[in-house]
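Have a look at the structure below, then the notes.
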Amino acid sequence: DTIKVSAGFIEKIIPVIITVESSEAGFSLSFDIDENSYVVRPGSEMISTLKVNGLEGKIDLKFVIMDAAGRIIYEEREQVNVPGGIIIEKIMNVPPYLKEGGYIVGVIADYLGQIQIASQLFKVTQNPQQSMEETRQLEDNNWGWMLILVICGIALHAFMSKRMTKPLN
């Protein structure tokens, strides 16, 4: 899903990942992709790190790649024995048939029916080096816009606070 933010003639679309987890999950899960895997070529390798803590026993893992609509395009399954906590470096091959665009990579962990999900956004392109530079520039530009939005919010709050404290005549 996405959130659309607009102000005047400027419009920004922000990708959002929403996950639902078991409320009784008795373990923790974190999943990060390597900084060089945020932008990849079709058919290349994607390196990620999975951390599981707080359980003893076998856990079922499903690694998935999804499109922006949440459809699973690729998946790998494995079962891992976790002696209290474990760190796994996972190397996935990005399918060669993926078109350029934004995707989601994630892991679904199932331990005795308790589910935890973690995911990250990544981009597939034919020219990852150029795309990485564009992504950095976009991130730099977004920080500027975020700062402008925060300043506008503070100014609006100050204006509304003054207006609300004026006596009514």
(Q) With side chain to side chain contact (heavy atoms under 4.5 Å, CB included) as the criterion, how do I59 and I86 come out once you've worked through the C-alpha distance, each side chain's angles and the decisive distance to 0.1 Å? (A) CA-CA 11 Å; I59 187 169; I86 193 167; over 6 Å; no

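- Atom-to-atom distance recorded for K90:NZ and E45:CD is 11.0 Å, nearest 0.5 angstrom.
- In this structure, R71 CZ and I65 CD1 are separated by 15.0 Å, a value rounded to the nearest 0.5 Å.
- Interatomic distance, N93 CG to M46 CE, rounded to the nearest 0.5 Å: 10.5 Å.
- Under a 3.5 Å cut-off, the side chain of E100 and the backbone N or O of Q126 do form a donor-acceptor pair.
- L61 places a side-chain heavy atom less than 4.5 Å from the side chain of I88.
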Q: Evaluate side chain to side chain contact (heavy atoms under 4.5 Å, CB included) for I108 paired with D110, printing each intermediate quantity in order.
A: CA-CA 7 Å; I108 302 165; D110 183 345; 5.7 Å; no

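- Paired with L121 under the rule side chain to side chain contact (heavy atoms under 4.5 Å, CB included), one option of I104, I33, V105 passes, and it is I104.
- Nearest heavy atoms, K99 versus Y103: O-OH, 2.8 Å.
- Summarising the geometry of K58 relative to Y111, their closest heavy-atom pair is O-CD1, 3.3 Å, with the distance given to 0.1 Å.
- Y97 contributes no side-chain N or O that, together with a main-chain N or O of P42, makes up a donor-acceptor pair within less than 3.5 Å.
- Nearest heavy-atom pair, V82 versus G85, reported as atom, atom and distance to 0.1 Å: CG1-N, 3.8 Å.
- To the nearest 0.5 Å, atoms NZ (K62) and CD1 (I72) are separated by 4.5 Å.
- When every heavy atom of I73 is checked against every heavy atom of M66, the shortest pair comes out as CD1-C, 4.0 Å.
- Note that CD of E56 and CG of N81 are 8.5 Å apart. Values are rounded to the nearest 0.5 Å.
- In terms of heavy-atom proximity, Q79 sits nearest to D60 at NE2-OD1, 2.9 Å.
- Note: F31 and F63 have tilted aromatic rings, judged against thresholds of 30 and 60 degrees for the angle between ring planes.
- Looking at Q116, its side chain does come within 3.5 Å of a backbone N or O of F27 through a donor-acceptor pair.
- Of the options V94, I47, I91, a side chain to side chain contact (heavy atoms under 4.5 Å, CB included) to S37 is made by I47 and by none of the others.
- Note that the OG1 atom of T49 and the CD atom of E89 stand 5.5 Å from one another [nearest 0.5 Å].
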